[in-house]
Enquirer: 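First the structure, then my questions, so here it is.
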Amino acid sequence: MTEAILLVGGKGTRLRPLTVRTPKPMVPAAGVPFLTHQLARARAAGVEHIVLATSYLAEVFEPYFGDGSALGLHLEYVTEQEPLGTGGAIRNVASRLHSGPDDPVLIFNGDILTGLDIPALVDTHRGSGAEVSLHLTRVEDPRAFGLVPTDDTGRVTAFLEKPQTPEEIVTDQVNAGAYVFNRSVIDTIPAGRPVSVERETFPGLLAAGAHLQGMVDSTYWLDLGTPQAFVRGSADLVLGRAPSPAVPGRRGDRLVMETAEVADDAKLTGGTVAGPRTVIGPGARIDGSAVLEGAVVEEGARIRDSLIGAGAHIGARTVLDGAVIGDGARVGADNELRDGIRIWCDARIPAASVRFSSDQ
């Protein structure tokens, strides 16, 4: 298998304000746009040609990645004029594929951080004779996911959307967001209209008697759809818990980009990232957080499990715990922001004006 489709068209509404100016796959994780990690892992698995299905802020991708040659890839870009859903996006880029009807095409979502053994998924697909194969993972609480029960051979028997009662939870296996399609199946997806592979394509194929195979791979897996998950994923990449050949530096307790300025007595721990041109002041303590390009953290600030947007400014002695600060926002000195609070891009918080705030 030498080609893949990468779905990167979503608006990332759950990640706002991080995605107001930046598409979700381009938000930096462990020092580089998250998409870089996915592209690098695909290349390491032998993929050579990737078509990016773009929509929201589509103009951002190509200027950064170009033709993909820097990553050893051939990249192409196809932009949806109207959102087409997962299945519609796959169908919309089909003309750019070079595969024959029976060749496998890898498809993956642009917001999943995973240690999936990609070659093993392709081998499972080929060995089982399936038309579509799905990466499945096991989760403790599957109520937020689509359940995918399988028989003893791994063949998919049903698709069950977001069960709520104990009786509905018949398996802990969930759709993990990576697939292998025979090219001929892609060509059967209706063109020119929104289609969901989860709600329409997969159930329709199953009802028609198609062979859909599941492969359970319980290595690292994280849906980066929320700010809290994104911060955790970035930290896990730095700490080495999540695999990626694209982390720019040695894995460890922190990642300080080359142009960052970190005071000698500042302490960065728990997979914290100090992005390019950031300034971390004396006595600052930052744990498990990401400070994006050009942001400033002043003297004595205390930051934990938070994300500081590009060009944001955090005042002296301010405490952030589980907070998200949008690009260009300024939080004055001696504030305390906790529990999932989100500060919008370019917002201004005066000094000593907020001592505590819950999720909003």
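Numbers for residues simply follow the sequence, beginning at 1.
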Enquirer: For residues D265 and R285, report the shortest heavy-atom separation together with the two atoms involved.
Expert: O-NH1, 2.9 Å
Enquirer: Do Y64 and P33 make a side-chain contact, defined as non-hydrogen atoms from C-beta onward lying under 4.5 Å apart?
Expert: yes
Enquirer: Can you check whether G332's main-chain N or O pairs, donor with acceptor, with T318's side chain at less than 3.5 Å?
Expert: yes
Enquirer: According to a 4.5 Å side-chain heavy-atom criterion applied to Ile, Leu, Val, Met, Phe, Trp and Tyr, with indirect links allowed, do V105 and V195 form part of one hydrophobic cluster?
Expert: yes
Enquirer: Side-chain contact, heavy-atom cut-off 4.5 Å: V174 with V148?
Expert: no
Enquirer: State, to 0.1 Å, how close L73 and V47 come at their nearest heavy-atom pair, and which atoms those are.
Expert: CD2-O, 3.3 Å
Enquirer: State whether the side chain of H135 and the backbone N or O of D217 hold a donor-acceptor pair below 3.5 Å, judged by distance alone.
Expert: yes
Enquirer: Check the pair D172, R138 against salt bridge (Lys or Arg N to Asp or Glu O under 4.0 Å), reporting the backbone distance first and the verdict last.
Expert: CA-CA 5 Å; D172 60 355; R138 293 189 171 100; 3.5 Å; yes
Enquirer: Do T114 side-chain atoms and W221 backbone N/O form a donor-acceptor pair below 3.5 Å?
Expert: no
Enquirer: Starting at CZ of R232, measure out to CG of L113 and round the result to the nearest 0.5 Å.
Expert: 9.5 Å
Enquirer: CZ of R43: more than 12 outside heavy atoms within 6.0 angstrom?
Expert: yes
Enquirer: State which residues pass side chain to side chain contact (heavy atoms under 4.5 Å, CB included) with P350; sequence neighbours excluded, sorted by chain then number.
Expert: S353
Enquirer: May I ask you to decide if V185's main-chain N or O and N182's side chain share a donor-acceptor pair within less than 3.5 Å?
Expert: no
Enquirer: Does any N or O in the side chain of T150 come within less than 3.5 Å of the main-chain N or O of V156, such that one atom is a donor and the other an acceptor?
Expert: no
Enquirer: Heavy atoms only: give me the nearest A29-L237 pair and the separation to one decimal.
Expert: CB-CD1, 4.1 Å
Enquirer: With a 6.0 Å cut-off on the ring centroids, do Y77 and F65 count as close?
Expert: no
Enquirer: Kindly give the heavy-atom pair with the smallest separation between T124 and Q213, and that separation in Å.
Expert: CG2-CG, 3.9 Å
Enquirer: Apply salt bridge (Lys or Arg N to Asp or Glu O under 4.0 Å) to R193 and E82, showing your working.
Expert: CA-CA 9 Å; R193 69 168 177 85; E82 298 291 338; over 6 Å; no
Enquirer: If you apply the rule side-chain hydrogen bond (donor to acceptor under 3.5 Å, both in side chains), what do you find for D287 with T269, and how did you get there?
Expert: CA-CA 5 Å; D287 180 55; T269 58; 2.8 Å; yes
Enquirer: Got P17 and V324 here, is their nearest side-chain heavy-atom distance under 4.5 Å?
Expert: yes
Enquirer: Within the side chain of R302, is there an N or O that forms a donor-acceptor pair under 3.5 Å with the backbone of G300?
Expert: yes
Enquirer: Using the rule that two of Ile, Leu, Val, Met, Phe, Trp, Tyr join whenever any of their side-chain heavy atoms come within less than 4.5 Å, decide whether I186 and L134 are in one cluster.
Expert: yes
Enquirer: Would H74 and E3 satisfy side-chain hydrogen bond (donor to acceptor under 3.5 Å, both in side chains), going step by step from the backbone distance to the final call?
Expert: CA-CA 9 Å; H74 173 213; E3 62 182 350; over 6 Å; no
Enquirer: Can you check whether A290's main-chain N or O pairs, donor with acceptor, with S234's side chain at less than 3.5 Å?
Expert: no
Enquirer: Any chance you could measure E62, atom CD, to D67, atom CG, to the nearest 0.5 Å?
Expert: 8.5 Å
Enquirer: Using modelled atom types and a 3.5 Å cut-off, is there a donor and acceptor pairing between side-chain atoms of T278 and backbone atoms of V291?
Expert: no
Enquirer: Nearest 0.5 Å please: distance from the CZ atom of R342 over to the OG atom of S306.
Expert: 12.5 Å
Enquirer: Under a 4.0 Å threshold between the charged nitrogen and the carboxylate oxygen, would E258 count as salt-bridged to R277?
Expert: no
Enquirer: Working to the nearest 0.5 angstrom, can you tell me the gap between L57 CG and K24 NZ?
Expert: 12.5 Å
Enquirer: V262: what forms a side chain to side chain contact (heavy atoms under 4.5 Å, CB included) with it, not counting sequence neighbours?
Expert: R254, V256, A266, L268, A274, I280
Enquirer: Can you give me the closest heavy-atom contact between R126 and P104, atom names plus distance?
Expert: NH2-CG, 3.6 Å
Enquirer: Does T19 use its side chain to pair, donor to acceptor, with the backbone of G12 at less than 3.5 Å?
Expert: yes
Enquirer: Hey, what do you get for CG (L18) to OG1 (T22), rounding to the nearest 0.5 Å?
Expert: 8.5 Å
Enquirer: Would you give the length of the straight line joining atom OG1 of T137 to atom CD1 of I112, rounded to the nearest 0.5 angstrom?
Expert: 10.0 Å
Enquirer: Assess whether a salt bridge exists between D334 and R317, defined as any Lys/Arg side-chain N lying under 4.0 Å from an Asp/Glu carboxylate O.
Expert: yes
Enquirer: Salt bridge or not for R304 and D321, using N-O below 4.0 Å?
Expert: yes
Enquirer: Give a yes or no on whether the backbone of N109 and the side-chain of Q38 come within a donor-acceptor separation of less than 3.5 Å.
Expert: yes
